Amino acid sequence: MLVVDISGLNKSFSRDKRALNNVRLQVREGEMVALIGASGSGKSTLIRHIAGLLRGDRDGGKIAVFGETIQENGKISRGARKVRADIGVIFQQFNLVSRLTVLTNVLMGMLGRVPAWRGSLCMFTKSERMRAMSALARVGIDGHATKKARHLSGGQQQRAAIARTITQGARLILADEPIASLDPASSRKVMNTLDRVNREDNVTVIVSLHQVDYAKDYCKRTIAMRDGEVVFDGPSSQLTPAFLQELYGEYSSELFADGSDDTAKPVAEPVAKKDLAVATS
Amino acid sequence: MNSSISSTSLAAPDLPPRDLKRSMGSMLLWAFIFGLLAWSWEGADMRPMALIENSGNMVDFADGFFPPDFLMWKTYVSEMWITIQIAIWGTALAIVCSIPFGILCSENIVPFWVYQPVRRLMDSFRAINEMVFAMLFVVAVGLGPFAGVLALWIHTTGVLAKLFSEAVEAIDPEPVEGIRATGANGLQEVIFGVIPQVLPLWISYSLYRFESNVRSATVLGIVGAGGIGMVLWEYIRAFYYAETAAVMIIIIISVSLLDIISQRLRKLVT
């Protein structure tokens, strides 16, 4: 089943700079896809478009999620809010409401599913609360349920955000640099949690990452972006050091946690940008 | 100290050139301020000499206030309670109205064709003093505290809606986006994303307005809108200065007490 289907998506924030340039890609159910690229390459912009939080240009671009149109021709479709209930978004800055408790934040995931008046009054049934608690238990922070979100560490807040998407019953998780502001140990925990949700619940995951190592370790497929264009889409194992160097420019070696020796000498022959663009299977 | 850094090896840096434009600007500003004061002198009928010339009268006048006459203190205290009760209801109604109006004034929540007209409406609520509203409501609903409540309600709504919306406009948008991404509707975004962020400020502003409403309510009685102001006005008009002094002391004590309590509460929430 096609989970995400994007065709001809353009986005310009100003007249001369395109943040997304003719993006076309498809993601199937159960995939865990890494989205890599330098800062400003359009990763976050793409994720926000898929979630319907940003609108593309009015030139025919279309995004469908689970077969339902999220936006078309620069307009968010009417059914978008309904589809959003199936999409869990995880942000770099966690985007929890810091003054509310962790449990309340996780219950927010239910807002798209319960009747509007009940959600607005924060009236959740016992089984809904139990569901939120078990989501917290799955990400390993159920002991912090009654603390205010701001009193948790960054890694714990991010896992609370994942628990929110689990409670939401999201079938697609869009994670926008979820580990960019975390230390390595917390990063591993967050990535392991995403990996488990992907494997155990068959939730499709699209995760944008700064460190290519994580992409290689956790995701079979990688999509690389540069200047708003998809320049690589294929098995993560096919990412060559030479390509990554080209993708990230001269600072590429810093992106590898396990030492920079690999990236210094190209293993395979340099591949041109267009040749790398493997067609989606 | 490192010997390689000696005062001789460092050439003294040149002083930055004087910014003529800026010093001219500040001179013009001062000229403007003094000009403004001079221009207002006549209109405000400033006669400092009158203070000195009439000092004898003033002493006699002040003498009339002492000793304050607390014979009727029970009446004063009960009227003071009424004044506080006017302020409580005026503020409470204003808070209830300021929540929706404040949100409808915020440019990060609603489109401009909503916030512009709502802001202008709030401007008009705020522009007119509560005394003026009180006079109008005395005509409409009759003499008494209720007119005072209505006057405070309208004026305070204008003030609090503006303060509330300023708090809303300063929120962090990320948690709101997080809520939106779960499929929540617009109202739920405000309830769970906006209000938790602004609540401490809102409470603080509301308490502050309550303090100032108690002060306003003490004078509302002058136009017939009930409370201690009415008593005060009666005494002043009848030249009962000893009683006037007693009433003023009661007002000072109660207003100070309320200020202290509300200040403590405000510190608690922020």
Side-chain angles (χ1 to χ4, degrees), chain A residues 44 47-48 50-54 76 79-101 104-122 148-150 157-158 160-161 164-170 172-176, chain B residues 95-104 106-114 163-207 265-270:
Chain A
S44 295
I47 282 182
R48 270 154 212 264
I50 301 173
L53 296 171
L54 277 179
I76 304 284
R81 199 164 74 76
K82 230 175 135 194
V83 189
R84 262 190 212 141
D86 286 328
I87 308 174
V89 189
I90 290 165
F91 302 86
Q92 184 184 341
Q93 292 307 327
F94 329 127
N95 290 19
L96 300 177
V97 185
S98 58
R99 284 183 176 276
L100 298 180
T101 64
T104 312
N105 267 290
V106 173
L107 279 165
M108 297 291 101
M110 219 84 78
L111 286 178
R113 303 206 176 271
V114 302
W117 67 270
R118 204 150 63 76
S120 302
L121 295 173
C122 206
K148 287 195 173 168
R150 64 179 158 169
Q157 288 196 41
Q158 196 58 289
R164 180 163 74 183
T165 66
I166 295 173
T167 312
Q168 192 182 332
L172 164 66
I173 289 182
L174 303 169
D176 184 11
Chain B
I95 293 169
V96 171
C97 294
S98 299
I99 293 169
F101 279 132
I103 287 164
L104 292 175
S106 308
E107 61 186 22
N108 54 344
I109 306 286
V110 293
F112 84 97
W113 51 267
V114 175
L163 292 172
F164 281 10
S165 82
E166 274 170 12
V168 170
E169 284 172 0
I171 60 161
D172 178 3
E174 284 166 349
V176 185
E177 203 174 34
I179 305 260
R180 184 179 313 148
T182 65
N185 65 28
L187 180 66
Q188 290 168 338
E189 283 172 33
V190 171
I191 293 175
F192 296 112
V194 177
I195 291 184
Q197 292 192 56
V198 296
L199 198 58
L201 262 180
W202 280 12
I203 293 174
S204 171
Y205 289 147
S206 302
L207 283 168
L265 286 174
R266 278 193 281 142
K267 277 210 179 115
L268 270 183
V269 292
T270 45

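Residue numbers begin at 1 in each chain, while the letters A, B, ... track the order of the sequences. This one's a predicted model, so the numbers in the text were calculated from it and none came from an experiment.
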Out of A/Leu96, A/Asn105, A/Val97, which residue meets the side chain to side chain contact (heavy atoms under 4.5 Å, CB included) rule with B/Ile179?
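Answer to the side chain to side chain contact (heavy atoms under 4.5 Å, CB included) test with B/Ile179 among A/Leu96, A/Asn105, A/Val97: A/Val97.
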Could you walk me through whether B/Thr182 and A/Arg84 pass the side chain to side chain contact (heavy atoms under 4.5 Å, CB included) check?
CA-CA 6 Å; B/Thr182 65; A/Arg84 262 190 212 141; over 6 Å; no
Are [X] and [Y] close enough that some pair of their side-chain heavy atoms sits under 4.5 Å apart?
X        : Y        : answer
A/Arg99  : B/Pro200 : yes
B/Phe192 : A/Cys122 : yes
B/Glu174 : A/Phe91  : no

Greatest number of heavy atom pairs closer than 4.5 Å to chain B - which of A/Leu100, A/Val83, A/Ile90:
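Ranked by contacts with chain B, first place is A/Leu100.
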Pick from A/Thr104, A/Leu53, A/Asn95: which one has the most heavy-atom pairs with chain B under 4.5 Å?
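Greatest number of close heavy-atom pairs with chain B: A/Asn95.
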Look at B/Asn185, B/Val190, B/Ile191, B/Leu199 and state which one has the largest set of heavy-atom pairs under 4.5 Å with chain A.
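Of the options given, most contacts go to B/Asn185.
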Let me know if A/Ala116 has heavy atoms under 4.5 Å from chain B in its side chain, its backbone, both or neither.
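Its backbone and side chain both get close to chain B.
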Which portion of A/Arg113 sits near chain B, non-hydrogen atoms under 4.5 angstrom
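Interface part for A/Arg113: neither.
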Say you draw a straight line from CG of A/Leu111 to CZ of B/Arg180; how long is it, rounded to the nearest 0.5 Å?
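The CZ atom of B/Arg180 is 13.0 Å from CG of A/Leu111, to the nearest 0.5 Å.
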Evaluate A/Met108 against B/Gln188 for side chain to side chain contact (heavy atoms under 4.5 Å, CB included), listing each step before the verdict.
CA-CA 9 Å; A/Met108 297 291 101; B/Gln188 290 168 338; over 6 Å; no
